[in-house]
Protein chains: 2
Amino acid sequence: MSRPVTSTDGSDEAQGGTVAGAAGSVGAAGSAGVAEESAGERSGASGDGRWPSIRGPRTGARATSRDVARVAGVSQATVSLVMGEKWRGRVSERTADSVRSAARSLGYRPNLAARNLRLGRTRTALLVVPALTNEFFARVYTGAARVAAEQGIGVVLYPSPEGVGPARDPFASARATLDGVIASSMAAEALTALREGGLPLVMLDSDPERAEAATTVNLDLADGMRQVAGHLLALGHRRFVHLAADIDSWTFRVRAAALAEALRGTPGTELTVVRAPLTVADGLHAAEHALTRPGPRPTALVCDDDVLAAGTCKAARRLGLRVPDDLSVTGFDDLSLATAVEPELTTVRLPAEGVGEAGMRALMGVLDGGPVAPRVLPVELVVRGTTTVAGG
Amino acid sequence: MSRPVTSTDGSDEAQGGTVAGAAGSVGAAGSAGVAEESAGERSGASGDGRWPSIRGPRTGARATSRDVARVAGVSQATVSLVMGEKWRGRVSERTADSVRSAARSLGYRPNLAARNLRLGRTRTALLVVPALTNEFFARVYTGAARVAAEQGIGVVLYPSPEGVGPARDPFASARATLDGVIASSMAAEALTALREGGLPLVMLDSDPERAEAATTVNLDLADGMRQVAGHLLALGHRRFVHLAADIDSWTFRVRAAALAEALRGTPGTELTVVRAPLTVADGLHAAEHALTRPGPRPTALVCDDDVLAAGTCKAARRLGLRVPDDLSVTGFDDLSLATAVEPELTTVRLPAEGVGEAGMRALMGVLDGGPVAPRVLPVELVVRGTTTVAGG
DNA sequence: CCATTCCGGTTTTACGTATAACTAGCGACG
DNA sequence: CGTCGCTAGTTATACGTAAAACCGGAATGG
């Protein structure tokens, strides 16, 4: 009832040699049974044998535009025109209505694979990030997806599936034909494959020197770190530790360089660099180590991200140090974590969703014919409760 | 070098207008130049007019299996066999090698839209979640993507793009033909559309009564809440507040019901329910309200998730209450936040990645012919630093 | 010595869609 | 009155791939 015309029916008619058999859709069973032995044989050997109708993982059980056409009594082309909203002046209001109601009654949804093949484009972009469990990238995705949705573009993800194997192909994993790619420079493993992919590419937070042909969207991380340094210097701090991410990426190299450079301007400053993976526990251990080494204790601990800063605060408390009175701590990113801990973190707010949005807009610009000017988004120091004057 | 087969050549000429780039790269420039005025005309009117070659968002500029075939001196079918790894005993080792090297030199990548159309399936699943910025769902995705990757399946996301409009079509937004869907019951807006989609559907954390035909993967949330209640009752707590999520979803209803039920077994217990959206700030305010109302102060505050618990801890500190000595607090989920705050949260650990993994496996089972038995994953109370004996 | 099987391919076809090219009917206009 | 233009469609075709059907020749078997 609800699924009147099946593709089997249609193909049988086609086998018969005539398209006129449309009328037979009601009682075609008899004619199909009589119609060539060969046809029956084929469907028996291939169709049923390989994909029993119940188990069939085939998406193909759905109604096609041809089914809709038959029900509405028009040609497939007309269905396509109506569904594509391109029928103004080409199809009468009445016909369009009947097509739409036929489509609705059949539960018709256009086959996107066919559409993509026909159009040679998919309005789909790939976003390549290191891991979605990092809130920063989850927010980048959110921003990108929002802009994309406004433009009828889809976003698929390639987060290196941690532990699946080293060099999986980001394109193959996307399982969809793509129009373009937005990639974080932190997704290092996938980068070379992406460059060779031959698709329009937008790089997020990547070294401008090495971006080559790709359009770039960057955060002004150096400025962020300069703001941190300025803030702490103004509070009188002189002995610094930089708790740096243990990741070899431009994103973090630029932080380190900017901090060192900013402190160099003030005489009498000391800077020790300690590295740790980006987890609370690792940050805690690294901070503990930095705070218990011999010599005068540092008064300011600058962290590469909020997670490390949270770990640092825990370490301080364990050592009996009060934050911020005995030790000032700064984070980076302004994740939701920054205001979940107590005291709330002084940190650098990165417009994560803005990065996603800008990245997607840049990609659309490239798709529309670029070139697109590189963008650098401003960042902002947010002073909260983990910093105060030195030696308070 | 040589131009052997005339028929092949002919078809090339016919397509010369559109594929000119690829043909030129091989070296057929001469023939392409001669190729029919008509072909040139067509590409001028349609191809160039609509998609100037430079601006072209067309994915189609890539080499096709036919291009590879021409370079390797074989038929397109042979290329397809070799690339599909189905050539054992059908193609000689030597020929397969030459096909592979031709493919490599042309940078050939199969067009997935065409493949999906041909096969009628895409090996792509849609994961529908409320928001990736919730770490729980980011981890669900991670688990699902890992299992999927092992099986050569892709995962695309439909996180309700917050603020894009109410009733967007999750299928259309996926921008890809799908084989199946995994949906969180919290993605309420999309649910009816998903049920009507006619695709294999796996529901995560949904009311078993209303799951209908869908396969379900659930967490034993009721048991989790019973463990919380048992833990707190054993510590001597009698005056409880349930800080509940302000979301009408089975996931939270079952928590509330289980807590109330568990306390009912012990005489002399009190339970007040307060609702709040799932943010630290909202949790803080709600907790503050609950802790300052007239009457004897509650000694245990049970939260629907870790974010609310973090907010509660902040509220307690603001009110001069020590956690856990004056107030025991429990969370739910065991997000990374749970161990980032101080003291670390006593909470219920949910196997978030396990949910994603089980969901994907269930979907694969359905795709392979199901039915698949519903699964209920166990959860585990993790006692940390926010709970202690009442009236300590 | 002919029938059969196997090897190593080729030819052909279908997947479902979008759209260029064409057409039949009809009113209007020079 | 022929022709033009407009309306409301239809017919035909190509997108790139996978795989079924086919096929020539060599090896094998009775």
Side-chain angles (χ1 to χ4, degrees), chain A residues 7 10-11 14-15 19 38 41-43 45-47 49-50 58-60 62-69 72-96 99 108-122 177, chain B residues 5 7-8 11 14-15 17-19 22 38 41-43 45-47 49-50 58-60 62-69 72-96 99 108-122 177:
Chain A
S7 57
S11 65
Q15 298 283 340
V19 192
S38 65
E41 234 178 315
R42 276 181 56 194
S43 85
S46 65
R50 302 186 64 85
R58 298 194 52 138
T59 314
R62 308 193 58 84
T64 73
S65 61
R66 226 173 298 264
D67 297 326
V68 175
V74 298
S75 74
Q76 179 267 331
T78 302
V79 174
S80 183
L81 288 173
V82 172
M83 299 311 287
E85 299 292 337
K86 303 201 163 159
W87 55 282
R88 311 148 220 280
R90 314 242 316 132
V91 176
S92 73
E93 196 75 56
R94 245 167 48 85
T95 305
V99 167
Y108 170 70
R109 284 178 183 284
N111 179 319
L112 295 184
R115 169 180 292 172
N116 292 341
L117 173 59
R118 176 63 230 252
L119 295 178
R121 85 196 127 89
T122 56
T177 312
Chain B
V5 194
S7 69
T8 309
S11 71
Q15 300 180 356
T18 45
V19 196
S38 66
E41 232 177 315
R42 277 180 54 195
S43 86
S46 66
R50 304 185 64 86
R58 297 195 52 136
T59 313
R62 309 192 58 83
T64 72
S65 61
R66 226 173 299 264
D67 296 327
V68 175
V74 298
S75 74
Q76 178 267 331
T78 302
V79 174
S80 182
L81 287 173
V82 173
M83 300 310 287
E85 299 292 337
K86 304 202 163 160
W87 55 280
R88 310 148 221 280
R90 315 245 314 135
V91 177
S92 73
E93 196 73 56
R94 247 169 47 84
T95 306
V99 166
Y108 170 70
R109 283 176 183 286
N111 180 319
L112 295 183
R115 169 179 292 173
N116 291 342
L117 174 59
R118 176 62 232 250
L119 295 179
R121 84 199 128 86
T122 55
T177 311

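Only a predicted model underlies this, so the values are computations on that prediction, with no experimental measurement involved.
- With sequence neighbours excluded, the residues satisfying side-chain contact (heavy atoms from CB on, under 4.5 Å) with B:Ser75 are B:Ala77, B:Thr78.
- Side-chain nitrogen and oxygen atoms of B:Lys86 include at least one within less than 4.0 Å of the OP1 or OP2 phosphate oxygen of D:dA19.
- Closest-nucleotide positions on DNA chain C for A:Ala114 and B:Glu93 were compared, and the one nearer the 5' end corresponds to B:Glu93.
- Closest approach of A:Val99 and A:Val74 over heavy atoms only: CG2-CG2, 3.9 Å.
- Protein atom CG of B:Asn116 is 10 Å distant from nucleotide atom P of D:dA18, rounded to whole Å.
- Residue B:Thr95 places at least one side-chain N or O under 4.0 Å from the OP1 or OP2 atom of C:dG9.
- At whole-Å resolution of the value, CG in B:Leu119 and P in C:dC15 are 13 Å apart.
- With sequence neighbours excluded, the residues satisfying side-chain hydrogen bond (donor to acceptor under 3.5 Å, both in side chains) with B:Arg109 are A:Asp169.
- The distance from atom CZ of B:Arg88 to atom C1' of D:dA19 is 16 Å, rounded to the nearest whole Å.
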Atom pairs, protein N/O to nucleotides 25-28 of chain C N/O, distance under 3.5 Å:
none

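- Here the closest non-hydrogen pair linking A:Lys86 and A:Arg90 is O-CG, 4.0 Å.
- Listed by chain and number, the residues in a side-chain contact (heavy atoms from CB on, under 4.5 Å) with A:Ser65 are A:Gln76, A:Val79, A:Tyr108 (sequence neighbours excluded).
- For A:Ala114, the side-chain contact (heavy atoms from CB on, under 4.5 Å) test picks out A:Asn111, B:Leu117, with sequence neighbours left out.
- In this structure, the side chain of B:Asn116 does not engage the main chain of B:Ala113 through any donor-acceptor pair within 3.5 Å.
- Between the C1' atom of D:dA18 and the OH atom of B:Tyr108 lies a distance of 10 Å, rounded to the nearest Å.
- The CG-C1' distance, from B:Leu117 to D:dC15, rounds to 9 Å in whole Å.
- The CG-C1' distance, from B:Asn111 to C:dC15, rounds to 13 Å in whole Å.
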Task: Test log, rule side-chain contact (heavy atoms from CB on, under 4.5 Å), inputs A:Leu81 and A:Val91 - done: CA-CA 8 Å; A:Leu81 288 173; A:Val91 176; 4.3 Å; yes
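- For A:Arg115, there are no side-chain hydrogen bond (donor to acceptor under 3.5 Å, both in side chains) partners two or more places apart in sequence or in a different chain.
- Per the geometry, CZ belonging to B:Arg121 stands 13 Å off C1' belonging to D:dT17, to the nearest Å.
- Counting only distance, with no hydrogens or angles, the side chain of B:Thr122 and the backbone of B:Thr177 share a donor-acceptor pair below 3.5 Å.
- Considering only side-chain N and O atoms, A:Thr64 lies nowhere under 4.0 angstrom from the phosphate OP1 or OP2 of C:dG16.
- The interatomic distance linking B:Arg66 (CZ) with D:dT17 (P) rounds to 8 Å, in whole Å.
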What's touching nucleotides 10-12 of chain D from the protein side, N or O pairs under 3.5 Å?
unit_1 : atom_1 : unit_2  : atom_2 : d
D:dT10 : OP1    : A:Ser75 : N      : 3.4
D:dT10 : OP2    : A:Ser75 : N      : 3.0
D:dT10 : OP2    : A:Ser75 : OG     : 2.6
D:dT10 : OP2    : A:Thr78 : OG1    : 2.5

Close N or O pairs between protein and nucleotides 23-27 of chain D (under 3.5 Å):
none

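- Taking side-chain N and O atoms only, B:Arg115 has a distance below 4.0 Å to OP1 or OP2 of D:dA18.
- Comparing C:dG16, C:dT17, D:dT17 by their nearest atom to the side chain of A:Ser65 picks out C:dT17.
- Residues forming a side-chain hydrogen bond (donor to acceptor under 3.5 Å, both in side chains) with B:Thr95 (at least two apart in sequence, or on another chain): B:Ser92.
- Checking the phosphate oxygens (OP1, OP2) of C:dG9, a side-chain nitrogen or oxygen of B:Ser92 falls inside 4.0 Å.
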